[in-house]
Amino acid sequence: MSRIGVRPITIPAGVEVTVEDNNVIKVKGPKGELCQPIAENLTVEIEENVLTVKRPSDSKQDKSQHGLGRTLIHNMVEGVSKGYEVKMTVNGVGYTVAKQGDTLVMKLGFSHPVEMKDPEGITTETPDATTIIVKGCDKAEVGNYAANIRAWRKPEPYKGKGIIYDGEVVHKKEGKSGASA
């Protein structure tokens, strides 16, 4: 039995979950509204404030879809109730970030500042000149946008310059050991 798929999902107060035709799950809460299709062979049962996902058989296909479907629903419920955020730090001489309206402006050592407009449903904050916080209710969208921001300057291993996720460890290399001439 799938250890993840059999876990029930408790629906917090203020969150509304509906199952539509073709196994499309809609979740509405204080942070927003999300919609996600899951595998057609799964059945979703909602009793009081508990949601369970069940599979029809123990075939390999059903087992693989069971845990995935439950996790997708859980992430939607968590996102519309609490939200998700990714915190990043910009390291480097002259590297700064600022917010102008709904546009993130980053100075990352290029000849021009890099400007990224926030997608719908995602907000960015810059509490100081070297910190970026990406917030939203869809876990995949928040992670994807954070990865797009980070792609402009990945951390390099010699000086540690670049955009670094909070909690990420950049292992520094030694560099050249010096000319022996």
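For this chain, numbers begin at 1 and follow the sequence in order.
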* Asked: Of the non-hydrogen atoms in Val77 and Pro12, which two are nearest, and what is the gap between them?
  -> CG1-CD, 3.6 Å

* Asked: Under the 3.5 angstrom rule, does the side chain of Ser64 hit a backbone N or O of Gln61 as a donor-acceptor pair?
  -> yes

* Is atom NZ of Lys87 surrounded by more than 12 heavy atoms (other residues, nucleotides or ligands) closer than 6.0 Å? -> no

* Asked: Can you tell me how far OH of Tyr95 sits from NZ of Lys161, rounded to the nearest 0.5 angstrom?
  -> 4.0 Å

* Asked: Taking atom CD of Glu16 as the centre, does the number of heavy atoms from other residues, nucleotides or ligands within less than 6.0 Å exceed 12?
  -> no

* **Donor on one side chain, acceptor on other, Thr10 and Asn49, under 3.5 Å** => no

* Asked: Side chains of Ser81 and Lys31: donor-acceptor distance under 3.5 Å anywhere?
  -> no

* Check: Val50 main-chain N/O paired with Glu48 side-chain donor or acceptor under 3.5 Å -> no

* Salt bridge Lys99-Glu125, side-chain N to carboxylate O under 4.0 Å -> no

* More than 12 heavy atoms of other residues, nucleotides or ligands under 6.0 Å from OH of Tyr158: is that the case? -> no

* Asked: Are side-chain N/O atoms of Asp62 and Ser57 paired as donor and acceptor at under 3.5 Å?
  -> yes

* Any donor-acceptor pair under 3.5 Å from Lys107 side chain to Gly94 backbone -> no

* Least distance between heavy atoms, Ile149 atom then Ile163 atom -> O-CD1, 3.4 Å

* Who pairs with Asn22 by side-chain hydrogen bond (donor to acceptor under 3.5 Å, both in side chains), at least two apart in sequence or on another chain? -> none

* Out of Thr124, Thr123, Asp118, which residue meets the side-chain contact (heavy atoms from CB on, under 4.5 Å) rule with Val134? -> Thr124

* Asked: Is it true that Asp58 and Arg55 have a side-chain N and a carboxylate O under 4.0 angstrom from each other?
  -> yes

* Would you give the length of the straight line joining atom CG of Leu104 to atom CE of Met106, rounded to the nearest 0.5 angstrom? => 5.0 Å

* Under the 3.5 angstrom rule, does the side chain of His66 hit a backbone N or O of Val53 as a donor-acceptor pair? -> yes

* To do: May I ask you to decide if Asn75's main-chain N or O and Glu78's side chain share a donor-acceptor pair within less than 3.5 Å?
  => no

* Are the side chain of Gln65 and the backbone N or O of Leu68 linked by a donor-acceptor pair below 3.5 Å? -> no

* Hey, is the main chain of Arg7 close enough, under 3.5 Å, to the side chain of Arg70 for a donor-acceptor pair? -> yes

